[in-house]
Amino acid sequence: MRDSIRRNMPLFPMGIVTKLTELTPRQIRYYEEQGLIKPARTKGNQRLFSFNDVDRLLEIKSLMEKGVNIAGVKEVLNRPKITHLQPVQPSLEAEARRDLTEEDLHRLLKRQLNELPGRPGQQHLIQGELSRFFH
DNA sequence: TTTCTGACA
DNA sequence: TGTCAGCA
């Protein structure tokens with residue numbers, strides 16, 4: 001599916017991502033330093049995050065809230081979903097993996113969009129970009 | 001106006 | 001992590 005191309009398309013700048021994830025720019029930049037995400041850059045060196053980046057950020061946030069440190073987060077993220085096969089093993093990893101589904105992400109994005117405070121111009125542009133993901 | 005990097009608390 | 005400075 002060419003869905004992956006859309007999920008990896010660099011679409012939003014720092015400001016949008018901070019609203020979507022509720023993380024601070026400081027945290028996001030730090031996570032990038034740690035190699036947890038690799039957002040694209042504009043010619044002006046501004047970060048441009050893709051859906052995948054936002055997804056990863058949300059997972060990082062989720063993990064951090066569970067008290068997992070950077071090292072632990074790296075462990076999970078470098079483990080491209082094995083969730084199916086592996087018979088139960090009450091690992092912290094499995095525990096963390098569980099609560100962030102794609103549906104959760106979409107639901108959260110919708111909620112965030114509706115809450116975006118009045119800034120007409122940009123908001124419309126953003127909704128236009130995201131709308132196709134909510135078909 | 002927004003984001004970037006680096007640095008200090 | 002928060003925040004400030006000095007640039008693009």
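Residue numbering restarts at 1 for every chain, and letters A, B, ... go by the order of the sequence lines.
For A:Gln27 (side chain) and A:Thr24 (main-chain N/O), a donor-acceptor pair under 3.5 Å exists by modelled atom type. The closest donor-acceptor contact from the side chain of A:Asn8 to the backbone of A:Ser4 lies under 3.5 Å.
As rounded to whole Å, 13 Å separates atom C1' of C:dT1 from atom CZ of A:Arg29. Distance CD (A:Glu32) to P (B:dG6): 11 Å, rounded to an integer number of Å. Taking atom CZ of residue A:Phe12 and atom P of nucleotide B:dT3, one finds them 14 Å apart after rounding to whole Å. The CG atom of A:Asn45 sits 11 Å away from the C1' atom of C:dC7 (whole-angstrom rounding). If you measure from atom CD1 of A:Ile28 to atom P of B:dC4, you get 9 Å, rounded to the nearest angstrom.
The phosphate of B:dC4 (OP1 or OP2) has a side-chain N or O of A:Arg47 nearer than 4.0 angstrom. Neither OP1 nor OP2 of B:dT3 sits under 4.0 Å from any side-chain N or O of A:Thr42. Phosphate contact (OP1/OP2 of B:dA7, side-chain N/O of A:Tyr30, threshold under 4.0 Å): absent.
In this structure, CD1 on A:Ile16 lies 10.5 Å from CG on A:Leu11, to the nearest 0.5 angstrom.
The pair A:Asp53-A:Arg47 does not count as a salt bridge, with every side-chain nitrogen at least 4.0 angstrom from each carboxylate oxygen. Taking the charged nitrogens against the carboxylate oxygens, A:Glu33 and A:Lys38 have no contact shorter than 4.0 Å, which rules out a salt bridge.
Here C:dT1 is the nucleotide among B:dT5, C:dG2, C:dT1 with the atom lying nearest to any side-chain atom of A:Met64. The side chain of A:Arg26 approaches C:dG2 more closely than any other nucleotide in the set B:dT5, C:dG2, B:dT2. Taking only side-chain atoms of A:Thr24, from C-beta outward, the nucleotide of B:dC4, C:dG2, C:dT1 with the closest atom is C:dG2. The side chain of A:Arg41 has B:dT5 as its nearest neighbour among C:dT1, B:dT2, B:dT5.
Residue A:Gly44 is out of contact with every strand shown, counting any heavy-atom pair closer than 4.0 Å. Within the 4.0 angstrom heavy-atom criterion, only backbone atoms of the sugar-phosphate kind lie near A:Gln27; the bases stay farther away.
Nucleotide C:dA8 has B:dT2 as its partner under the Watson-Crick or G-U criteria, with both atom distances under 3.5 Å.
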